[in-house]
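Read through the structure below, which is laid out as structure tokens, and then see the notes.
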Amino acid sequence: MNAPPNIDHVTPQSDGDVVSWLTNETRDQRFIDNIFAELCIRLQRTGIPLKRATMNLLIQHPQWLGARIIWADGKREAEITRVDYDVQQRSEYIGSPVYEIHQGIDEVREKLEHDPSQGRKHALYDDMRAQGLTDYVAWPLLHTLGKRHVVTFATDRAGGFDDAHIASLKTVLPVLALVSEIRMKNRLARTLLETYVGSHAGEMILAGATRRGSGTTVRAAIMICDLRDFTRISDSWPRDDVIDLLNDYFDAMSEPIARHGGEILKFIGDGLLAIFPLSEPKACANLLHAVAEARLAMAALSERNGMMGRAPMNYGIGVHVGDVMYGNIGSRTRLDFTVIGPAVNMASRLEALTKQLKKTVLLSRAFADLVEHDFALEHVGEHPVRGFSEPIELFAYNG
């Protein structure tokens, strides 16, 4: 969310003013929470006694089912909370107004001043009564292809909303649906790119780097990791257990990489490719800090697996540094945003050598030169590397 909207200049409004503003004057506002907060304030200035309002949006995200935007009287900003997938099995959702709208109801209206025993039964209504609210209404916010989101409004006015208030609120719904869908589509595009190609690559693609063969040369530390014995595991474990194992393994590796400024470009079966661009002066040190944290996470994961009678998880990591081509490669209709070049090949070969040399993490001399004054490295000699004419001096990192 960016800075709250500047609404001090807003004069008393009519329904038409609010719809016109929502249609014509929100183009430069990127964030739907800011638009929603300003909308509620403008609705108040038409004379609608709003006390509380929410938008409940279903989003496509690997971790979150949705987001709830909550505005309250006197606030210049709306609050955003993320909603996890498990909420669908919890009482806060089951039987709630949002649940009813998702099930196809076109309006939920609850006169909170009435005898609670005569109304809908849900903890939300008890909470709103405790806050002094007198009336509540929820409607679907209809996006294209049948997508149903939810918007709600509540008041503490004696007698609740009158018919004119309800009519005015309904007037803004179609435009609010369009405005919110545009912002959600933009956010969805960004989320999908971040999820599948990484944040930096996603930003480049959104900025227009979509032509096949387009790219740039980046100097980076390259890290390639591979899980050991995965073929045996996948052949002998139940399918769902294998998926859980992979997810746990990738979490253990990926989260330290992200924390220390690396970018995972791809998962390759049971392996991953990550880079730490040298535009960050401490990139190589950051890579080794990430490796050290990942080692601890993998040890904890192996301990948990051991409690279930499973063998420890082993892996190998190859690390090199050099120039890579960073950009679009693929067929005319299917591209991959990745890195290629001899430096990537070297990191891959070093990862493969970890098996032969019985070392978990192998570093090239080129990488070691950049970190050896700050980290304890084990010299393991020169070794031939497939695809390279001269033996390569290698180091192990045991931190």
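The analysis underlying the following values was restricted to heavy atoms, covering all of them including side chains, and did not include hydrogens, waters or symmetry mates.
Residues H320 and A366 come closest through the heavy atom pair CE1-CB, 3.9 Å. Contact detail for A347 and I222: the closest heavy-atom pair is CB-CG2, 3.8 Å. The two atoms that bring F230 and D270 nearest to each other are CB-OD2, 3.1 Å, heavy atoms only. Closest of all the heavy-atom pairs between S364 and V321 is OG-N, 4.3 Å. Between G159 and E113, the shortest heavy-atom distance links the atoms N-OE1, 3.0 Å.
If you run side-chain contact (heavy atoms from CB on, under 4.5 Å) between I264 and each of I257, L273, I275, only I257 comes through.
Annotation: the span from D369 atom CG to R365 atom CZ amounts to 4.5 Å, rounded to 0.5 Å. Rounding to the nearest 0.5 Å gives a distance of 8.0 Å between CE of M325 and OG1 of T217. The CZ atom of F250 lies 8.0 Å from the SG atom of C225; values are rounded to the nearest 0.5 Å. Atom-to-atom distance recorded for H102:NE2 and R148:CZ is 8.5 Å, nearest 0.5 angstrom. In this structure, the separation between CG on L142 and CG on L178 is 10.5 Å, given to the nearest 0.5 Å.
The local environment of CZ in R90 is crowded, with over 12 non-hydrogen atoms from other residues, nucleotides or ligands closer than 6.0 Å. The environment of CG in D163 is sparse: at most 12 heavy-atom neighbours from other residues, nucleotides or ligands sit within 6.0 Å. Atom CD of Q89 is surrounded by more than 12 heavy atoms from other residues, nucleotides or ligands within 6.0 Å. Atom CE of M308 has more than 12 heavy atoms from other residues, nucleotides or ligands within 6.0 Å.
Using bins of under 30°, 30° to 60° and over 60° for the plane-to-plane angle, the ring pair Y136/Y125 lands in the perpendicular bin.
Of the charged side-chain nitrogens involved, at least one lies within less than 4.0 Å of a carboxylate oxygen, so that R228 and D226 count as a salt-bridged pair. The residues R109 and E107 are annotated as not salt-bridged, no charged nitrogen and carboxylate oxygen being separated by less than 4.0 angstrom. One finds a salt bridge joining R129 and D126 here, because a Lys/Arg side-chain nitrogen approaches an Asp/Glu carboxylate oxygen to under 4.0 Å.
Counting only distance, with no hydrogens or angles, the side chain of D84 and the backbone of V87 share a donor-acceptor pair below 3.5 Å. Between the side chain of E372 and the main chain of L377, no donor-acceptor pair closer than 3.5 Å is present.
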Please step through ring pair (Phe, Tyr, Trp, His ring centres under 6.0 Å) for the pair F375 and H289, ending with a clear verdict.
-> CA-CA 10 Å; F375 294 85; H289 288 311; 5.2 Å; yes
For Q356 and H383, run side-chain hydrogen bond (donor to acceptor under 3.5 Å, both in side chains): C-alpha distance rounded to whole Å, both residues' side-chain angles, the deciding distance at 0.1 Å, then the answer.
-> CA-CA 11 Å; Q356 177 183 326; H383 295 270; 5.1 Å; no
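A continuous path of Ile, Leu, Val, Met, Phe, Trp and Tyr side chains, each step under 4.5 Å between heavy atoms, connects L57 with W71, placing both in one hydrophobic cluster. Both M298 and L287 belong to a common hydrophobic cluster when Ile, Leu, Val, Met, Phe, Trp and Tyr are linked at side-chain heavy-atom distances under 4.5 angstrom.
Contact check for H260 versus E293: side-chain heavy atoms found under the 4.5 Å cut-off. Within the 4.5 Å cutoff, the side chain of I48 has heavy atoms near those of the F161 side chain. Between I80 and F36 the shortest side-chain heavy-atom distance does not fall below 4.5 Å. Side-chain contact between H149 and L58 is present, with heavy atoms from C-beta onward closer than 4.5 Å. For the pair P140/D106, a side-chain contact is recorded, criterion being any heavy-atom separation below 4.5 Å from C-beta on. R120 places a side-chain heavy atom less than 4.5 Å from the side chain of V108. You'll find the side chain of I166 reaches within 4.5 Å of the side chain of W139, heavy atoms only. S180 places a side-chain heavy atom less than 4.5 Å from the side chain of L141.
Partners of E378 under the salt bridge (charged side-chain N to carboxylate O under 4.0 Å, His left out) rule, at least two apart in sequence or in another chain, are K359.
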